[in-house]
There are 2 protein chains.
Amino acid sequence: METLLPKFDSVFSIDCVIFGFDEGELKILLIERNEEPFKDWWALPGYIVEQEESIDHAAERILYELTGLRDIYMDQFYTFGDVNRHPQGRVITVAYYAMIRLNGSKELKPISNYASKAVWISVNDLPKLAFDHEKIFSRGFEKIRNKISYQPIAFELLPEKFTLTQLQQLYEVILNKKLDKRNFRKKMLNYGILKELDEKQKGVSYRAAKLYKFDKRKYTRLFQKELTFGK
Amino acid sequence: METLLPKFDSVFSIDCVIFGFDEGELKILLIERNEEPFKDWWALPGYIVEQEESIDHAAERILYELTGLRDIYMDQFYTFGDVNRHPQGRVITVAYYAMIRLNGSKELKPISNYASKAVWISVNDLPKLAFDHEKIFSRGFEKIRNKISYQPIAFELLPEKFTLTQLQQLYEVILNKKLDKRNFRKKMLNYGILKELDEKQKGVSYRAAKLYKFDKRKYTRLFQKELTFGK
DNA sequence: ATATAGTGTGTATTTTCTACACTAAGTAAT
DNA sequence: ATTACTTAGTGTAGAAAATACACACTATAT
């Protein structure tokens, strides 16, 4: 609820935890700041929301400016509003996570002006981050870890055609545990949200695996039904 | 990520979806606005975040000013940042839900100055709301509906001592479906997070039911373990 | 004593979860 | 062509959890 609209001396920003999956590792995109405060520190990509744009729009814009990619799966997950999270004044930040298909090609459109570079870094190997960005990252990671248990967000991270082993590896890195191959396949195939293709993996020096596609139509039907607690 | 700190012409508010359970109905607290815009409309309780307070603190403060209650279960669930959600300018609002033990006594501390009254209204019987508050409510309701499936938030809504039937009724109104009594009890008691008391319901004109308490210690141990996807 | 209204309980069936190990298929080297 | 190598692909049995379902018990009020 809001009544008067006093001018308010605060700033609004977006920060993004951008996930990618490559070489069997879960990575996030970090930028190196080239301005104070936290000059030369690693940080989550983010920027200030403009006066005349929605926060969702700002999140998409920031992602686009950094990666050149549009139409990416993004989801707002938490807003961080402690008084002293920014050393220069009050900054409230809305955090989003995004998922990007890396497809082996890690090249990104080059970068806005506040960062000297952007790189993909494995979530197991993160440096210290600027501001409260470690907290933001943790919360985002936790969020997708929970979410993957009941929603097939994994498919946003994989190439369009993938093998079951790749899918399993992705689950394993997100959940941080080994899964049983047979049980995993049984469960996944039972969902009925995978389309088996007539195609096989190429360029591997061993038996090639079948490729699969994610069937979005069937997924939507399946996951509309509510969860847990039957009659 | 934030660099410069331009003065920014926007306002930050908190809106709260405050749930209570009474007479077998799930209710939320609404206020009647006495100022423009939306004068005389029903709205979610909310207010502007102050310069020097965290958003969590603001949420607690607003709840306190409205109800006189502290130490209430509150959780941030979404931030609404469309450009035109407020007719008089840019207002970004962080939404929280809260859960209150009504205990039959619905009286609240009287109210801040922007509202002429506050009342509990059944979620099945909501009027039109100011701003985008219907959207905010829906999202909050959805949130607790999901959450109750894996976390015992229901206990925040019940009196300290409650019967299994009351607990079941609460699940039923939140999930909006009938549950089987025997299965429900079996499941709940199996969790081992309920303490059976030596006490019975009083003042009923039929066989009195046993009272139970929620065992927070046991709960914490139980729900630390992660969910889904075994080996 | 009787009517009433809600409490409290058990079992059989189905479904889902878990544990577990070998053969099949393709590639690469000789 | 044979062999060695590497990953793909598959089934079953037991345990645990979820579901469906109906009646006797108890306290109160009259």
Side-chain angles (χ1 to χ4, degrees), chain A residues 23-24 148-152 158-159 161-173 175-213 222-223 225-231, chain B residues 23-25 148-152 158-159 161-173 175 177-213 222-223 225-231:
Chain A
E23 296 163 352
I148 201 175
S149 304
Y150 59 92
Q151 296 228 327
L158 290 170
K161 300 170 182 180
F162 53 84
T163 69
L164 291 179
T165 300
Q166 289 169 340
L167 182 61
Q168 184 178 339
Q169 280 171 350
L170 177 54
Y171 270 78
E172 288 179 342
V173 297
L175 296 175
N176 193 31
K177 62 177 157 184
K178 278 275 171 209
L179 303 174
D180 178 79
K181 183 155 65 158
R182 278 170 295 189
N183 292 340
F184 180 81
R185 285 167 182 235
K186 212 187 310 169
K187 192 166 175 176
M188 277 297 155
L189 294 172
N190 266 355
Y191 283 146
I193 58 175
L194 295 180
K195 256 202 288 262
E196 185 179 328
L197 301 177
D198 270 342
E199 228 174 315
K200 298 202 161 178
Q201 227 178 354
K202 275 180 188 138
V204 288
S205 67
Y206 46 79
R207 174 179 180 181
K210 277 186 213 153
L211 291 172
Y212 289 80
K213 260 173 89 170
L222 177 63
F223 283 83
K225 301 192 259 166
E226 276 132 299
L227 326 151
T228 26
F229 253 106
K231 175 179 173 183
Chain B
E23 295 165 353
E25 286 191 299
I148 202 175
S149 304
Y150 58 91
Q151 296 227 329
L158 290 170
K161 300 172 183 181
F162 51 86
T163 69
L164 291 178
T165 300
Q166 287 169 341
L167 182 61
Q168 181 176 342
Q169 281 170 349
L170 177 53
Y171 270 78
E172 288 179 342
V173 295
L175 296 173
K177 61 176 157 185
K178 277 275 171 207
L179 302 174
D180 178 78
K181 183 157 62 158
R182 276 170 296 186
N183 293 339
F184 179 81
R185 284 166 182 238
K186 211 187 309 169
K187 192 166 176 177
M188 277 298 154
L189 294 172
N190 266 354
Y191 283 145
I193 57 176
L194 295 181
K195 256 203 289 262
E196 186 180 326
L197 301 176
D198 270 342
E199 228 174 313
K200 299 203 162 179
Q201 229 178 354
K202 277 181 186 138
V204 288
S205 68
Y206 45 81
R207 175 181 180 179
K210 276 184 214 152
L211 291 172
Y212 289 80
K213 259 174 89 170
L222 177 63
F223 282 83
K225 304 192 258 169
E226 274 131 300
L227 326 153
T228 27
F229 253 106
K231 175 176 174 185

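Each chain gets a letter, A, B and so on, in the order its sequence line appears, and its residues count up from 1.
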Problem set entry | D:dA20 base / B:Asn183 side chain donor-acceptor hit below 3.5 Å | yes
Exercise. A:Leu179 CG to C:dC20 P: how many Å, rounded?
Worked result: 15 Å
Exercise. Where the side chain of A:Arg182 is concerned, which of C:dA21, C:dT9, D:dT19 is the nearest nucleotide?
Worked result: C:dA21
For this session: Grab the NZ-P distance between A:Lys187 and C:dT18 for me, whole Å please.
Result: 7 Å
Seminar exercise, completed: B:Lys202 atom NZ is separated from C:dG6 atom P, nearest whole Å, by 21 Å
Exercise. Counting distance only, does the side-chain N/O of B:Glu196 pair as donor-acceptor with the main-chain N or O of B:Lys210 below 3.5 Å?
Worked result: no
For this session: Specify the separation, in whole Å, of atom CG of A:Asp180 and atom P of D:dG9.
Result: 15 Å
What donor-acceptor contacts under 3.5 angstrom involve side-chain atoms of residues 197-207 of chain A, with partners at least two apart or in another chain?
| from | atom 1 | to | atom 2 | distance (Å) |
| --- | --- | --- | --- | --- |
| A:Glu199 | OE1 | A:Lys161 | NZ | 2.9 |
| A:Glu199 | OE2 | A:Lys161 | NZ | 3.3 |
| A:Gln201 | OE1 | A:Ala209 | N | 3.0 |

Problem set entry | Sequence-distant partners of A:Lys181, salt bridge (charged side-chain N to carboxylate O under 4.0 Å, His left out), two or more places apart | none
Problem set entry | Nucleotide C:dG8, atom C1' - distance to CD of B:Gln201 in whole Å | 13 Å
Seminar exercise, completed: To the nearest 0.5 Å, atom OG1 of B:Thr165 lies from atom CG of B:Leu170 at 12.5 Å
Problem set entry | Residues that A:Gln169 engages under side chain to side chain donor-acceptor pair (under 3.5 Å), provided they are two or more places apart | none
Problem set entry | Exercise: identify the closest heavy-atom pair between A:Gly24 and A:Val173 | O-CG1, 3.4 Å
For this session: Go through the structure and list residues passing ring pair (Phe, Tyr, Trp, His ring centres under 6.0 Å) with A:Tyr212, not counting sequence neighbours.
Result: none
For this session: Just call it for B:Thr165: base, sugar-phosphate, or nothing, with non-hydrogen atoms closer than 4.0 Å on any strand.
Result: sugar-phosphate
Exercise. Can you list the residues that meet the side chain to side chain donor-acceptor pair (under 3.5 Å) rule with B:Lys195, with sequence neighbours excluded?
Worked result: none
Exercise. Can a donor-acceptor pair under 3.5 Å be found between the side-chain atoms of B:Lys181 and the base atoms of C:dG8?
Worked result: yes
Between protein and nucleotides 25-29 of chain C, what N or O pairs are separated by less than 3.5 Å?
| from | atom 1 | to | atom 2 | distance (Å) |
| --- | --- | --- | --- | --- |
| C:dA25 | O4' | A:Arg207 | NE | 3.4 |
| C:dA25 | O4' | A:Arg207 | NH1 | 3.3 |

Exercise. Under the 3.5 Å rule, do the base of D:dT10 and the side chain of A:Lys186 count as making a donor-acceptor pair?
Worked result: no
Problem set entry | Atom-pair distance (CG on B:Asn190; P on C:dT9), nearest Å | 13 Å
Seminar exercise, completed: When rounded to whole Å, the CG to P distance for the pair B:Leu164 and C:dT7 reads 9 Å
Pick out the pairs of N or O atoms, protein on one side and nucleotides 1-3 of chain D on the other, that lie under 3.5 Å.
none

Seminar exercise, completed: Here the pair of heavy atoms bringing B:Gln168 nearest to B:Leu179 is NE2-O, 2.9 Å
Exercise. Rounded to the nearest Å, what distance is computed from the CE atom of residue B:Met188 to the P atom of nucleotide D:dA18?
Worked result: 11 Å
For this session: Quick one: label A:Lys210 by what it contacts on the DNA or RNA (base, sugar-phosphate, nothing), any heavy atom closer than 4.0 Å.
Result: sugar-phosphate
